Structures are given as structure tokens and as C-alpha cells.
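Every value quoted in this text rests on a predicted model; they were computed, and no experiment measured them. Residue numbering restarts at 1 for every chain, and letters A, B, ... go by the order of the sequence lines. The analysis underlying the following values was restricted to heavy atoms, covering all of them including side chains, and did not include hydrogens, waters or symmetry mates.
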Amino acid sequence: MPKWNQIPRASWGVFHSQLLLQSPKLISPASVCLIFTLSTTDLIQDYIHDGNINAARKLFDENPASCNTVAWNSMITGHIRHNQMQSAHELFDKMPMRDVVSWNTMLSGFNKIKDPHKLHQLFLQMNKAGERPNQFTFSTIISGFLNTFDVLVPQLHSLILHSGLHSNVFVGSALMRGYTHLMDRSSLCRVFDDILTKDISTWNALLVGYMDLGFIADAQITFDMMPELNIISWTTLVDGYIKNRNINQARHMFDKMPQKNVVSWTAMIKGYVQQENYTNAIQLFISMLNSNTSPNHFTFSTLLDACAGCSMFLLGNQLHSCILKSGLCQELVLSTSLIDMYTKCGDIKSAFTIFDSMKTKNTVSWNSIIGGCARHGLAHQALSEFKKMTESGMKPDHVTYINVLSACVHGGLVKEGEHHFHSMVERYGVEAEMKHYTCMVDLYGKAGEVDKAVRLVKEMPFEPDVGVWGALLAGCGLHSCYEVVNGLQILGRDYSSIYNMLIKIHSEKGSWSHAIEMRDKVIERGGRKQKAASWVEFSIGES
DNA sequence: ATAGGGTTAG
């Protein structure tokens with residue numbers, strides 16, 4: 001039996017914080033400190049360790065004089081762990097003495113909430129304040145800069161070389177991820193070589209790098225010569241093959257995995273969903289359940305994607321029940337997947353139920369519901385949801401506008417479509433892409449304003465693609481605009497669909513000789529008409 | 001008291 005003063009520090013935390021919690025009237029923090037010969041700072045640290053931020057904060061606020069920099073830093077850490085970035089920031093601003101840990105902790109906070117601009121600002125302030133960045137600083141800011149400030153990676157690299165921190169495994173793997181983003185293979189390898197004592201994460205970073213850059217063979221060689229492998233190495237390899245569109249090799253390695261977890265199962269299922277091989281995706285999901293692996297929100301959202309892809313309403317609905325049971329239902333991404341699944345399976349009502357119950361919505365959630373309305377032909381509702389979206393301060397992006405414009409197409413709302421097409425750049429700085437032009441051409445074409453459609457195609461700042469021509473052609477076909485279609489033929493576009501359209505128009509006008517001439521041309525070029533297909537939806541019990 | 005790998009949505 002150890003004496004009380006031989007009990008390790010770590011075990012005390014639980015003990016004395018319990019003591020304080022259970023009998024706050026009998027014993028004060030001050031007495032606890034006395035009994036256990038703890039400083040206020042020690043006690044604060046123990047509270048933070050236990051996740052008891054409120055007790056820590058109370059003690060901290062009541063004893064300002066006995067709080068040193070370590071206590072301040074612990075408080076900042078505690079607030080960040082509880083997602084209270086605002087409070088953390090206030091403490092950071094108020095603290096009398098900041099050391100490198102204070103700065104690093106704040107940087108990690110901005111990294112956690114994914115605010116690269118604040119992260120960048122704080123890093124500049126840190127340098128201005130004369131605090132020298134260390135290995136913690138570099139690994140944090142590099143990972144936080146990815147996708148936003150990728151260009152800074154080489155410059156940070158040079159600072160790192162200057163400070164002699166290049167051999168640190170954390171710094172090194174962050175740099176490797178940075179160079180992977182920059183698609184710079186040779187720098188990736190340089191950084192790898194510079195890390196003198198490599199650990200498994202270092203090797204895994206190389207594996208990710210090779211796979212992301214498409215060097216499949218090098219990735220496999222790396223995998224085969226790695227000193228040790230963990231489940232992450234295996235999953236990286238499997239996912240790498242999926243990303244490089246080699247699903248069979250992915251499955252081969254997947255089957256060879258010594259053990260699998262949620263992540264590896266989800267990655268493999270996702271691979272099949274991307275290939276639109278929904279049968280295999282669902283079979284694999286069943287095997288996953290049989291192997292006693294619980295799905296998480298990643299898995300569910302992947303499967304909902306599968307349901308949306310092939311209109312499996314029943315399975316989607318069952319998954320929804322599972323999600324409700326699992327308590328994952330307030331997950332933002334998952335709700336958005338559910339909305340998408342329901343709209344694509346024809347149940348816009350359920351989609352709205354979920355959408356309206358969401359506490360926080362982002363651009364993607366709004367886009368799914370607007371897109372859902374569009375798909376259901378509810379043009380006016382799509383526009384009113386769009387109005388609500390902008391009024392709530394959410395900024396529309398290019399996808400929002402694709403959905404808004406396609407709603408206008410379905411509803412034949414030419415005026416509204418034109419309005420939004422123009423205001424997207426003027427009000428929100430969203431430049432029109434190919435898809436937006438396609439929608440507008442489609443809109444004009446269906447409304448019979450083929451002249452406007454043609455003018456738009458001519459004015460487009462880039463070369464129209466098949467989609468744009470297809471929309472124009474469809475519009476012409478709908479209104480039998482022989483001249484325009486024939487014009488397309490003269491322009492040298494020889495898609496067989498143009499000839500097919502000409503056949504249709506000639507037939508309608510009764511010029512059979514022309515129609516036959518066109519048909520022969522199609523056959524001559526080996527063109528064949530696509531088989532037509534459609535599905536009819538019956539609704540029972542509702543009008 | 002501070003740092004790193006693999007899976008999710010429109």
C-alpha cells in the first residue's frame with residue numbers, strides 16, 4: 001500500500017476533484033492545495049485534465065495572484081477543448097506574460113476550428129512579437145495552411161531548415177503533406193530523406209503522397225518495404241487504389257488486411273459507390289455489420305449516397321432509422337446526405353422535415369434542398385428557399401446557382417432565370433461556368449427563345465461542351481428550328497445527335513428524302529441512337 | 001500547458 005505522498009500525480013486529479021465536487025461546503029480548494037501540497041496551478045491543470053472547465057475557471061478567477069503562465073496556458077487549452085474559442089482568445093489577449101506555448105496553443109485552436117486566415121494572422125503577430133516558432137508551431141501551421149496557403153509551404157520549409165527542425169517527425173510529415181498538395185514529388189522525397197529517424201507516420205505520409213500523385217507502383221514498393229505496417233498504412237493503400245480508379249486491386253488488398261476497422265470498411269464501400277456498383281457496396285456493408293463493426297457518420301453518409309444514386313428509398317429509410325437510433329442525427333453532413341437521399345428517392349416532404357429541423361445549415365445543405373425542389377419541379381419553392389438562404393446571410397456559391405437556374409428551367413421562368421444569371425456575378429461574385437450557361441441555353445431553348453440561346457452560345461467566354469450543344473439541340477428539336485440545327489452541322493459539329501435531330505425535324509416537315517439522307521449519314525459514321533428509357537412514379541393514397 | 005497519417009454531403 002503506497003503512502004499518500006507516493007501516489008502518482010496523475011491519480012490525484014480524479015481523487016481531489018471528486019472530493020471537491022462531493023463536499024464543496026466542507027473542503028475548499030485552498031485546503032485541498034494545502035493537504036496535497038498542490039499549487040493553484042497544479043489544481044487547475046488537474047481540473048482541465050478531468051474536463052472540468054467550470055471548476056478550473058472558478059479557481060482561476062478567484063486566485064488571479066497565484067496564477068502563472070502555465071495556469072493561463074492550461075486555461076486556454078481547457079477552453080479550446082470545450083470549443084470555447086472566444087473565451088480562449090480573451091484570456092490570451094489579457095494574459096500578462098505569453099510564452100511560446102501560449103502562441104502554439106492559440107494556433108492549434110484556430111487550426112481546430114479550421115480558420116486558416118486567423119491562423120495566418122496570429123502566426124504573423126507571433127513573429128512580430130519576437131516569439132521564435134518551434135517544432136510545435138511549424139507542424140500546426142503547415143497542417144492548418146493546407147488548401148488555403150499552400151504556396152507558403154516552401155517558404156516555411158526554408159525557415160524550418162534554418163532552425164534545424166527538419167528532422168522532427170511531426171514537422172516532417174506536415175511538410176510532406178504540404179508538398180503532396182503542391183504536387184511536388186521531388187520535394188516530398190527530399191523531406192522524407194531529411195527525416196533521420198523515421199516512424200510509421202513518416203512512412204504513411206510517403207504512401208499517401210505517392211498515391212495522391214498517382215505513383216501507384218512506387219506506393220506499392222514503399223508499402224512492401226516499410227519496416228512496419230499499421231491499419232492506417234493498409235487503409236491508405238486501399239484508398240489509394242480507389243482514388244486511382246483501380247477498384248479490383250483495392251479489393252484485393254482490402255481482403256488481405258490483417259484487421260479492418262470502420263475507416264477501412266467505409267473507404268472500400270465508398271469505392272464501390274463511386275463506381276456506381278451499388279450491389280457490391282451494400283453487400284460489403286452487410287459483411288461489415290456481420291463482422292461486428294459499427295458504422296459511423298462517414299459510413300452512413302456514404303451509404304445514403306448509394307441510396308440516392310439508385311433510388312433505394314426503402315434502404316434509405318431504414319438507414320435513417322439507424323441514424324436516429326445511433327444519435328448521429330444532428331451531424332450536419334449526415335443531415336445533408338439524408339436530404340439528398342430523400343429528394344432523389346422522390347420524397348421531398350421528408351427532405352423538408354429534416355431540413356427544417358436542422359439547427360445549423362451550411363451552403364451545401366441549402367444547395368441540396370434547392371436542388372431537390374428543382375428536381376421535383378417546384379420552381380417557385382426553389383426560388384423562395386433561395387431567397388430565405390440569402391436573407392439568412394448565407395452566401396450562395398456556383399452550385400447554388402446551378403440549382404436555382406435549373407429550377408427556372410423546370411418552371412419555364414425565363415425572366416427569373418435571367419435575373420439570377422446576371423446577379424450571381426454582380427451581387428455574389430460567382431463567375432458563370434459551363435454548367436450555368438448550359439442551364440441558360442436549356443431555359444431559352446425550352447421556352448422557344450432559340451435566338452437568345454444561340455446568342456448566348458456565341459457570347460460564351462469558353463468553348464461550349466457537349467452539354468451546351470445538347471441543350472441547344474434539344475431546344476431546337478422541341479421547336480423544330482431547322483436552320484439552327486443545320487447551322488450546327490455546317491459548323492463542323494458531327495455528333496450523331498445532330499443528325500438524329502435533323503432526321504426528326506425533316507420528318508416532321510414531311511421532307512422524307514432529307515430525313516433518309518441524314519439517316520444514311522448517321523449509319524455511315526457508325527452512329528446509333530441511344531435507347532430511350534423512363535420510369536414512372538406512382539403515388540398511392542395521395543393526390 | 002502546445003504538434004502528425006486513412007473514411008462523409010450539394
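On a pure distance criterion of 3.5 Å, no polar donor-acceptor pair joins the side chain of Asn204(A) and the base of dG6(B). Within 3.5 Å, a donor on the side chain of Asn362(A) pairs with an acceptor on the base of dA9(B), or the reverse. A donor-acceptor contact under 3.5 Å is not formed by the side chain of Thr236(A) with the base of dG6(B).
Phe421(A) pairs by the ring-ring contact (aromatic ring centres under 6.0 Å, His included) definition with Tyr437(A), not counting sequence neighbours. By the ring-ring contact (aromatic ring centres under 6.0 Å, His included) test, His436(A) pairs with no residue at all, sequence neighbours left out.
Taking atom CZ on Arg177(A) and atom P on dA3(B), their separation rounds to 14 Å, with Å as the unit. Here dA9(B) presents its C1' atom at 9 Å from CG of Leu304(A), a figure rounded to the nearest Å. Residue Leu303(A) contributes atom CG, which lies 17 Å from atom P of dT7(B) at whole-angstrom precision. In this structure, Glu331(A) atom CD and dT7(B) atom P are separated by 16 Å, rounded to whole Å. Atom-to-atom, CE of Met253(A) to C1' of dT7(B) comes out at 18 Å; the value is rounded to the nearest Å. Rounded to an integer number of Å, the gap from Lys270(A) NZ to dG6(B) C1' is 15 Å. Rounded to a whole Å, the NZ atom of Lys243(A) is 8 Å from the P atom of dG6(B). Atom pair Asp199(A):CG and dG4(B):P shows a separation of 13 Å (rounding to whole Å applied).
For Lys114(A), the NZ atom sits in a loose shell: 12 or fewer heavy atoms of surrounding residues, nucleotides or ligands are nearer than 6.0 Å. Residue Arg190(A) places its CZ atom among 12 or fewer non-hydrogen atoms of other residues, nucleotides or ligands, all under 6.0 Å distant. More than 12 heavy atoms of other residues, nucleotides or ligands sit less than 6.0 Å from atom CE of Met434(A). Few gaps surround NZ on Lys198(A); more than 12 heavy atoms of other groups in view lie less than 6.0 Å from it. No more than 12 heavy atoms of other residues, nucleotides or ligands shown are found within 6.0 angstrom of NZ on Lys435(A).
Taken residue by residue, residues 85-101 of chain A places heavy atoms nearer than 4.0 Å to DNA chain B at Asp99(A), Val101(A). Contacts between residues 386-400 of chain A and DNA chain B, defined by a heavy-atom separation below 4.0 Å, involve Asp397(A), Val399(A), listed by number. Less than 4.0 Å separates DNA chain B from at least one heavy atom of each of the following residues of residues 121-143 of chain A: Gln135(A), Phe136(A), Ser139(A), Thr140(A). Of the residues in residues 70-77 of chain A, those lying under 4.0 Å from DNA chain B by heavy-atom distance are Asn73(A), Ser74(A), Thr77(A). Within a heavy-atom distance below 4.0 Å of DNA chain B, no residue of residues 153-165 of chain A is found.
Within the 4.0 angstrom heavy-atom criterion, no nucleotide atom of any strand lies near Ser233(A). Val169(A) comes within 4.0 angstrom of a base, heavy atoms only. Within the 4.0 angstrom heavy-atom criterion, no nucleotide atom of any strand lies near Ser365(A). The residue Asp305(A) sits close only to the backbone: its heavy atoms come under 4.0 Å of sugar-phosphate atoms, none of a base. Using a 4.0 Å heavy-atom criterion, one finds that Ser337(A) contacts the sugar-phosphate atoms exclusively. Contacts of Asn168(A) with the nucleic acid, taken as non-hydrogen atoms under 4.0 Å apart, include base atoms.
In this structure, dG4(B) shows a glycosidic angle more than 90 degrees from zero, which is the anti conformation.
Residue pairs meeting the ring pair (Phe, Tyr, Trp, His ring centres under 6.0 Å) criterion with at least one partner in residues 157-178 of chain A, sequence neighbours excluded, are His157(A)-Tyr179(A). Sorted by first then second residue, the side-chain hydrogen bond (donor to acceptor under 3.5 Å, both in side chains) pairs that include residues 321-331 of chain A, not counting sequence neighbours, number zero. Judged as a salt bridge (Lys or Arg N to Asp or Glu O under 4.0 Å), the pairs with a partner in residues 225-245 of chain A (not counting sequence neighbours) are, in order, Asp212(A)-Lys243(A), Asp239(A)-Lys243(A). Here ring pair (Phe, Tyr, Trp, His ring centres under 6.0 Å) pairs that include residues 88-110 of chain A, with residues two or more places apart or in two chains, are His89(A)-Phe110(A), Phe92(A)-Trp103(A). Sorted by first and then second residue, the salt bridge (Lys or Arg N to Asp or Glu O under 4.0 Å) pairs with a member in residues 398-407 of chain A form an empty list; sequence neighbours excluded.
Side-chain atoms of Asn204(A) and Thr236(A) include no donor-acceptor pair closer than 3.5 Å. With no hydrogens or angles considered, a side-chain donor-acceptor pair links Asn73(A) and Asp99(A) at under 3.5 Å.
Under the 4.5 Å side-chain criterion, counting only non-hydrogen atoms from C-beta, Phe254(A) is in contact with Lys260(A). With contacts defined as side-chain heavy-atom distances shorter than 4.5 Å, the pair Leu284(A)/Arg251(A) qualifies. Put simply, the side chain of Asn54(A) does not reach to within 4.5 Å of the side chain of Lys58(A), judged on heavy atoms.
In this structure, Phe298(A) packs face-to-face on the six-membered ring of dT7(B), meeting both the 5.5 Å centre cutoff and the 30° plane limit.
For the pair Lys395(A) and Tyr428(A), the cation does not sit on the ring face, since its NZ or CZ is not both under 6.0 Å from the ring centre and inside 45° of the axis.
An OP1 or OP2 oxygen of dA9(B) is reached within less than 4.0 angstrom by no side-chain nitrogen or oxygen of Lys361(A). For the pair Lys198(A) and dG4(B), the criterion of a side-chain N or O lying under 4.0 Å from OP1 or OP2 is not met.
Among dA1(B), dT2(B), dG5(B), the nucleotide with an atom closest to any side-chain atom of Ile232(A) is dG5(B).
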